[in-house]
Trainee: 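Can you keep this structure in mind? I'll have questions shortly.
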Amino acid sequence: MDFRPSPEQERLRSELREFLASDPAPQGRAFSEDGWIAGFDRDFSRRLGERGWIGLTWPARYGGGERSYLDRLIVTEELLRAGAPVAAHWFGDRQIGPALLAHGTDEQREELLPRIVRADVCFCVGMSEPGAGSDLAGLSTRAVADGDDFVVSGQKIWTSFASDAEFCYLVARTDPEAAPHRGISEILVPMDAPGITVSPIPDMVGESHFGEVFFDEVRVPRRWLIGTLDRGFYQIMQQLDYERSGIERLISNWPLWRDAVALARETGATADPVLRQEIAGIETALHAGRGMIYRVAGILSEGRMPSHEAAVAKVFCTSLEQRIAGLIARIVGPASQLALGSERAPLGGRAARALLYAPAYTIQGGTNEILRNIISQRGLGLPAS
Ligand SMILES: Cc1cc2nc3c(=O)[nH]c(=O)nc-3n(C[C@H](O)[C@H](O)[C@H](O)COP(=O)(O)OP(=O)(O)OC[C@H]3O[C@@H](n4cnc5c(N)ncnc54)[C@H](O)[C@@H]3O)c2cc1C
């Protein structure tokens with residue numbers, strides 16, 4: 001695989017850098033980390049949409065750029081490196097759009113893809129339930145066909161952006177008699193439909209980008225069914241590969257890492273040879289992780305689906321993100337316990353935020369244990385336990 005950027009890709013990267021240096025949104029955040037999940041700014045997303053940087057790989061008839069996944073990776077990498085607030089369009093651009101292109105109806109594509117490109121619509125993803133996370137096939141939210149509608153009842157949890165989204169990309173049971181991984185369908189549920197209640201959940205950092213969503217006999221027109229009735233589980237498996245394999249799994253903390261290394265240099269902490277070795281070790285691993293993510297984008301650009309490759313990249317990169325948060329705390333020292341915004345905290349208390357947020361990296365989008373199962377079965381051909 002040839003990763004050398006073409007002159008056009010170099011130009012794309014420079015355009016992004018120029019834009020990000022002049023746009024007020026990246027600098028306007030209280031912290032620069034986790035912009036894809038903790039930075040929600042519709043106006044900024046709209047400005048990106050105007051430049052053609054959302055839906056970059058999609059067909060032009062839907063407003064897309066018809067460019068490669070490697071080009072898209074360049075865009076996402078530059079945005080996250082700059083700490084840009086990209087959450088408002090992230091799910092739509094990363095997974096809902098590709099899912100509609102793969103399985104949606106013409107009507108759904110025509111209605112929603114141009115809106116995603118303009119950042120005029122935001123999605124949440126309703127998969128996890130209190131009794132079904134890793135074991136998604138165990139979900140119990142029901143969608144019962146009734147005339148031209150489905151009637152949805154049940155509960156989702158950990159639903160990111162549930163309070164902001166116009167649509168929930170819901171995974172629900174449509175055939176309770178079938179085997180668990182059959183009889184599941186994907187349905188887009190308008191979040192303003194009567195019968196939906198959202199209850200935000202604060203995380204350890206004190207932010208609450210996710211929440212519980214309760215569906216009480218919510219009527220959803222059947223035209224919002226995505227793909228084939230009762231075959232949603234297989235469609236989702238594909239969608240999860242898109243979700244797992246992006247650069248957001250590696251550089252969520254990159255702005256803080258850069259500032260922490262500069263701090264170590266300033267304070268003389270790098271005189272400690274062990275710390276120096278560890279910093280260099282992280283830098284090496286960052287290069288390796290980046291190579292894995294570029295490889296996944298290369299596979300997508302060739303029209304193939306990365307499954308175990310996406311899992312390998314996510315396990316390696318998110319474990320590295322946790323190591324980075326730990327080393328940042330060591331560089332900052334005991335003051336790394338001071339909360340975000342504390343006057344006396346070095347780096348504005350971002351080290352404490354990074355430490356508290358870090359456990360989520362290896363849970364969201366599939367836990368390391370589940371991903372290792374995928375690697376062993378689909379990648380190495382080992383038998384299922
Ligand atoms: C920040 C964040 C954002 C999230 N956003 C969303 C969202 O937008 N939408 C959404 O639907 N969900 C979301 N989630 C939920 C996430 O997908 C689930 O937390 C995750 O899939 C794990 O499910 P669970 O929490 O039910 O844990 P469980 O599945 O109960 O797992 C508990 C533990 O058991 C282990 N385990 C389970 N099964 C096996 C097995 N077969 N083999 C080995 N070990 C196993 C797991 O690895 C884990 O360590 C989010 C989570 C986080 C942290």
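Whatever order the structure lists them in is the order used to number ligands and atoms, beginning at 1. We count residues from 1, following the sequence as given.
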Trainee: Identify whether NZ of Lys or CZ of Arg in R219 sits under 6.0 Å from the centre of the six-membered ring of F150 and within 45° of that ring's axis.
Mentor: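 No - R219 does not lie over the ring of F150 by the 6.0 Å and 45° rule.
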Trainee: Looking at R223 and E107, does any basic side-chain N land under 4.0 Å from a carboxylate oxygen?
Mentor: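 So R223 pairs with E107 through a salt bridge.
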Trainee: Would you call R353-E207 a salt bridge at under 4.0 Å N-O?
Mentor: yes
Trainee: Below 4.0 angstrom from a heavy atom of I370, which ligand 1 atoms are there? Numbered from 1 as shown, please.
Mentor: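 Result: 38 (N), 39 (C), 40 (C), 41 (N).
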Trainee: N373 heavy atoms, cut-off 4.0 Å: which ligand 1 atoms fall inside?
Mentor: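 Answer, ordered by atom number: 40 (C), 41 (N), 42 (N).
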Trainee: Answer yes or no: is there an ion pair linking R323 with E278, defined by an N-O contact shorter than 4.0 Å?
Mentor: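 No, R323 and E278 are not salt-bridged.
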Trainee: Of all the heavy atoms in Y361, does at least one lie under 4.0 Å from an atom in ligand 1?
Mentor: no
Trainee: Quick test: of every protein heavy atom, which one is nearest to atom 13 (C) of ligand 1, and how far off is it to 0.1 Å?
Mentor: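 It is W158 O, 3.1 Å.
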Trainee: Determine whether any protein heavy atom is located less than 4.0 Å from atom 40 (C) of ligand 1.
Mentor: yes
Trainee: Pull out every atom of ligand 1 sitting under 4.0 Å from any heavy atom of E369, numbered as shown with elements.
Mentor: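 So the atoms of ligand 1 that pass are 43 (C), 44 (N), 46 (C), 47 (O), 49 (O).
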Trainee: Please indicate whether any nitrogen or oxygen in Y357 is less than 3.5 Å from any nitrogen or oxygen in ligand 1.
Mentor: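 No; every N/O pair is 3.5 Å or more apart.
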Trainee: If you measure from the Lys or Arg side-chain nitrogens to the Asp or Glu carboxylate oxygens, is any gap between D120 and R42 under 4.0 Å?
Mentor: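 Looking at D120 and R42, the cut-off is not met.
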Trainee: Pick, from T159, I37, T367, the option with the minimum heavy-atom distance to atom 48 (C) of ligand 1.
Mentor: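 Result: the heavy atom closest to atom 48 (C) of ligand 1 is in T367.
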Trainee: What pairs with W224 under side-chain contact (heavy atoms from CB on, under 4.5 Å), at least two apart in sequence or on another chain?
Mentor: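 Only Q108, E111, L112, F167, I187, L188, P190, V220, P221 meet the side-chain contact (heavy atoms from CB on, under 4.5 Å) criterion with W224.
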Trainee: Who are the ring-ring contact (aromatic ring centres under 6.0 Å, His included) partners of F40, not counting sequence neighbours?
Mentor: F161
Trainee: Of the protein's non-hydrogen atoms, which lies at the shortest distance from atom 27 (O) of ligand 1, and what is that distance?
Mentor: S134 OG, 4.2 Å
Trainee: Just to be sure I read this right, does ligand 1 sit under 4.0 Å from the backbone of I363, its side chain, both, or neither, counting only heavy atoms?
Mentor: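 The answer is both.
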Trainee: Answer yes when E77 and R13 have at least one side-chain N-carboxylate O distance shorter than 4.0 Å, and no when they do not.
Mentor: yes
Trainee: Where on D203 is there a heavy atom closer than 4.0 Å to ligand 1, on the side chain, on the backbone, on both, or on neither?
Mentor: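 It is neither; nothing of D203 touches ligand 1.
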Trainee: Which ligand 1 atoms are under 4.0 Å away from a heavy-atom of F210?
Mentor: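 Checking each atom against F210, I get 1 (C), 2 (C), 3 (C).
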Trainee: Taking 4.0 angstrom as the limit and counting only heavy atoms of M127, give me the atoms of ligand 1 inside it, by number and element.
Mentor: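 So the answer, numbered in order with elements, is 11 (O).
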Trainee: For ligand 1, which atoms have a heavy atom of S160 less than 4.0 angstrom away?
Mentor: 3 (C), 4 (C), 5 (N), 6 (C), 7 (C), 8 (O)
Trainee: Salt bridge or not between R115 and E166? Use side-chain N to carboxylate O under 4.0 Å.
Mentor: no
Trainee: Does a salt bridge link D23 with R47, judged by any charged N lying under 4.0 Å from a carboxylate O?
Mentor: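 Yes, charged N to carboxylate O under 4.0 Å.
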Trainee: Counting both backbone and side chain atoms, is some N or O of V125 under 3.5 Å from an N or O of ligand 1?
Mentor: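 Yes, since at least one N or O of V125 sits under 3.5 Å from an N or O of ligand 1.
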Trainee: Nearest heavy atom to atom 1 (C) of ligand 1: which of E129, H209, Q364, K156 does it belong to?
Mentor: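 It is Q364 whose heavy atom sits nearest to atom 1 (C) of ligand 1.
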Trainee: Determine, counting only non-hydrogen atoms of the protein, whether one lies under 4.0 angstrom from atom 33 (C) of ligand 1.
Mentor: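 There is no protein heavy atom less than 4.0 Å from atom 33 (C) of ligand 1.
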